[in-house]
Amino acid sequence: MPDKTPVTRERGPKFVPSGICISLLEIASNPISTGMLMKAAGQTNRTRFRKSILRPHLEARLIEMTILDKLRSSKQKYRLTKTDRELLEKHPEGEKRNE
């Protein structure tokens with residue numbers, strides 16, 4: 001007999017604490033630098049931040065790079081993907097922030 005458990009899709013990376021994920025998504029609605037993302041996540045080690053937080057968010061397609069042809073540019077910034085920006089705007093807390 002097939003399993004009738006409903007399938008749900010998680011948006012955030014599994015091994016990134018949800019508090020960090022939410023704070024990054026909230027501030028990434030506009031393009032933002034790596035340093036500002038690190039500050040929002042409470043991180044000080046750039047290498048650890050990129051491996052444990054930034055890369056999983058990029059792979060999950062929650063955020064995207066603004067300069068695609070120069071991945072290591074000093075001017076590289078990150079922003080929410082279009083889909084996640086729309087979801088954040090539709091979220092009840094997102095509506096409260098916009099008022």
Side-chain angles (χ1 to χ4, degrees):
M1 181 175 269
D3 184 21
K4 297 197 181 209
T5 307
V7 177
T8 58
R9 184 168 184 248
E10 293 180 9
R11 293 293 300 161
K14 288 184 179 182
F15 45 86
V16 175
S18 61
I20 292 174
C21 185
I22 291 169
S23 65
L24 291 182
L25 295 179
E26 286 176 345
I27 67 165
S29 56
N30 295 317
I32 190 165
S33 68
T34 305
M36 293 300 292
L37 285 172
M38 285 176 60
K39 188 174 181 179
Q43 301 291 311
T44 56
N45 185 309
R46 186 177 293 267
T47 304
R48 187 178 308 137
F49 173 76
R50 286 179 192 239
K51 287 182 181 179
S52 64
I53 296 173
L54 188 59
R55 188 179 299 154
H57 279 81
L58 288 167
E59 290 172 355
R61 296 180 188 228
L62 295 172
I63 58 175
E64 61 189 4
M65 295 180 191
T66 57
I67 306 172
L68 297 175
D69 54 334
K70 296 182 180 178
L71 302 179
R72 294 182 178 239
S73 172
S74 62
K75 298 186 182 358
Q76 184 66 265
K77 294 193 176 190
Y78 301 89
R79 65 179 172 225
L80 281 178
T81 60
K82 182 180 177 184
T83 306
D84 289 320
R85 222 174 331 195
E86 291 169 359
L87 286 173
L88 193 59
E89 289 172 3
K90 289 179 184 178
H91 192 272
E93 290 181 13
E95 292 173 7
K96 289 178 189 172
R97 280 192 302 273
N98 292 334
E99 292 177 352

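Just so it is clear, the values below take in all heavy atoms, side chains as well, and ignore hydrogens, waters and symmetry mates. What you see is a predicted model; the values in this text were computed from it and never measured.
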The test is side-chain contact (heavy atoms from CB on, under 4.5 Å); show your working for Leu62 and Thr81 and say whether it passes.
CA-CA 6 Å; Leu62 295 172; Thr81 60; 6.0 Å; no

Side-chain donor-acceptor pairs of residues 35-46 under 3.5 Å, sequence neighbours excluded:
residue	atom	partner	partner atom	Å
Asn45	OD1	Thr47	N	3.1
Asn45	OD1	Arg48	N	2.9

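- The CZ atom of Arg55 lies 14.0 Å from the NE2 atom of His57; values are rounded to the nearest 0.5 Å.
- The same ILVMFWY cluster, assembled from side-chain heavy atoms under 4.5 Å apart, contains both Leu68 and Leu71.
- Distance OG1/Thr66 to CG/Asn30: 12.0 Å, rounded to 0.5 Å.
- With rounding to the nearest 0.5 Å, the separation of OG1 in Thr34 from CD1 in Ile53 is 12.0 Å.
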Assess the residue pair Met65 and Leu58 against the criterion (side-chain contact (heavy atoms from CB on, under 4.5 Å)); give the C-alpha distance rounded to whole Å, side-chain angles, the decisive distance to 0.1 Å, and a yes or no.
CA-CA 8 Å; Met65 295 180 191; Leu58 288 167; 3.8 Å; yes

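- How far CG of Leu54 is from OH of Tyr78: 4.5 Å, rounded to the nearest 0.5 Å.
- Scanning both residues, Ile67 and Ser73, for their nearest heavy atoms gives CD1-OG, 3.9 Å.
- Among residues two or more places apart in sequence or in another chain, the side-chain hydrogen bond (donor to acceptor under 3.5 Å, both in side chains) test is passed with Arg79 by Glu64.
- Gln76 contributes atom CD, which lies 11.0 Å from atom OG of Ser33 (distance to the nearest 0.5 angstrom).
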